[in-house]
Amino acid sequence: MNAAKELSRSLWMEHRINHQGPPLAGDLTTEVLVIGAGIAGLSCAYELVRSGHQVAVVDRGALGGGMTARTSAHLAFELDDFFEELRSLRGEDACRQYYESQCAAVDRIEEICREEAIDCDFARIDGYFVPAEGRDVDYLRKELDAAHAAGFADAEWVAAGPGFWSSGPALRFPRQGRFHPLKYLDGLVRSLERHGAALYPETPIVGLEEKDGRVDAVTGAGRTIRAAQVVVATNSPFHLRIPIHTKQAPYRTYVIAGPVPRGAAPDALIWDTLEPAYHYVRIQPGAEADTLIVGGEDHKTGEADDMDERLGRLEAWTRERFPELGPIGHKWSGQVFEPSDYAPFLGRSPGHDQVYLITGDSGEGLTTGVAGALMIRELIDEGGSRWSGVYDPDRLMLRGAVEFVKENADAARHWAAHLGSAEVGSLDAIPPGEGGLVKLDGKMTAAYRNGDGDLKLLSASCTHMGCVVRWNRFERCWDCPCHGSHFSVDGEPLQGPAFKPLAKVAP
Ligand SMILES: Cc1cc2nc3c(=O)[nH]c(=O)nc-3n(C[C@H](O)[C@H](O)[C@H](O)COP(=O)(O)OP(=O)(O)OC[C@H]3O[C@@H](n4cnc5c(N)ncnc54)[C@H](O)[C@@H]3O)c2cc1C
Ligand code: FES
């Protein structure tokens, strides 16, 4: 099970990944084990198998059923947290490495599409930063300077942005990309099978131990996979309790998609400068109409209960700018992790020699996932990577200290919620199809009533580190605000870092 079991359906999920393989049925020995079959894991498996390694990939749910199925699929090497911010926190070298690695990631996706004949609507298009308000224009000037310093030599100031934004200045970033993420993963899966990798869906890993020069991974069914190297590409690493999770914060973000006449919206990536959550816009071209895809309205996971209002605002914002927009066909949400010093964690897992990880995706996890795959191939084959300076998971985060302290104070508050009052006074107050927190025998309990009126009662204590989970009425699941775990109404983990189910509570 994974986030594919959350309620909303993205535009991409209309395409199913064609893989009929069964879960792992016995023990297995392999040279490299990749855990997680999203863009990060499948890209890593691809790099390693093409480099001559024996590779097995496992996923606890459907292949490609994680956050990659919920993305908006901009392939950008402009930094969504801004080069200007990264430069002031971590210096120009970090910006240069970021730029170079993200360019390499988009190049690599394009190359793989060509070499493996993957038809996934990949196209190079322009990206634009547009000011959300007049006062942001000055900030764009600083960002352009920082992007040039990072190596983005042909980023440029334009007097008019695309489409609706033609009345004001913008920054233009050439050579960005877009694709259909699940068609791409489908193509990768077929290529991996052709190149001899083994793929096992519905095979959760619940334990990982590095010892005596090897790594043993234990599956939920009690099987052991023995490997020389393991890549944890589970979006949020399940095998570490603390080191990474205190350095990144989970955010829910929302997307709507609907038809527009062909050519009514520009074929470009557009991001505005709105704070705290920017809008992101692109189209998916179609034969008769294009589909306009607009995202935004982010909030910290578990800290909002007004999804209908957020989606309503997103639609109103879009209709104001694109009056030709037809009925909204898809509304969905997903989660991203925001690292407190603006760069993801890609490379050797802290405290390990033979375990690697990819996490801290921010809104650019497709390209950072592919950059991570390139890096891990280098680390395994060559012992080092050109980009470790900016992405090393073990780096000191001193310069992101203010954000770090704030995020961790939030986690303490969510843990302390066990001691606070319940959201609903009694189980009777929970209508069918809804969930809420109640106190039963003095313990915070996550209660959900299904359409037949039956109650499902679970401990509200997240199995990662014990914070109180919150009801997500849009996705009909339990979200942990501390480090971003999600659980089904039956308590099964859908998104890490938690990998154990919520404890059942007797009625
Ligand atoms: C709404 C939205 C819009 C976005 N827009 C963009 C964008 O425009 N551009 C961009 O670059 N990025 C974007 N992102 C971010 C990007 O989509 C994600 O960062 C990226 O897809 C994550 O890929 P992944 O492979 O790390 O994780 P996933 O796709 O989540 O894959 C991880 C896999 O690991 C599996 N797994 C987890 N735990 C275990 C375990 N214990 N055992 C076995 N398997 C396990 C899961 O089942 C899952 O399939 C967006 C994200 C969202 C939610
Ligand atoms: S995700 Fe860490 S406590 Fe829930």
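Please read these numbers as outputs of a predicted model, since none were measured by experiment. Note that ligands are numbered from 1 as they come in the structure, with each ligand's atoms numbered from 1 the same way. Computed from heavy atoms alone, side chains included, the values below leave out hydrogens, waters and symmetry copies.
Partner of D361 under the side chain to side chain donor-acceptor pair (under 3.5 Å) criterion, out of T367, N235, T68: N235 alone. Just one of V215, T30, D27, T29 meets the side-chain contact (heavy atoms from CB on, under 4.5 Å) condition when paired with R226; it is T29.
Taking a heavy-atom cut-off of under 4.0 Å, ligand 1 is surrounded by N2, I35, G36, A37, G38, I39, A40, D59, R60, G66, M67, T68, R70, T71, S72, A73, H74, T203, P204, I205, A233, T234, N235, F238, T253, V255, Y280, G334, Q335, V336, D361, S362, G363, E364, G365, L366, T367.
With sequence neighbours left out, the salt bridge (Lys or Arg N to Asp or Glu O under 4.0 Å) criterion links D126 to R172.
No side-chain donor-acceptor contact under 3.5 Å links N472 to the backbone of D479. Checking side-chain atoms of D298 against main-chain N and O of A277 turns up no donor-acceptor pair under 3.5 Å. For the pair W12 (side chain) and T71 (backbone), a donor-acceptor distance under 3.5 Å is present.
Enclosure of atom NZ in K500 is not indicated, since only 12 or fewer non-hydrogen atoms of other residues, nucleotides or ligands lie within 6.0 angstrom.
Note on atom 2 (Fe) of ligand 2: protein N, O or S atoms under 2.8 Å away count 2, no waters included.
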Name each donor-acceptor pair under 3.5 Å that joins a side chain in residues 39-46 to protein atoms two or more places apart or in another chain, with its distance.
unit_1, atom_1, unit_2, atom_2, d
S43, OG, I39, O, 2.5
Y46, OH, R50, NH1, 3.1
Y46, OH, E116, OE2, 2.5

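When all heavy atoms of Y200 and A56 are compared, the pair lying nearest together is CE1-CB, 4.4 Å.
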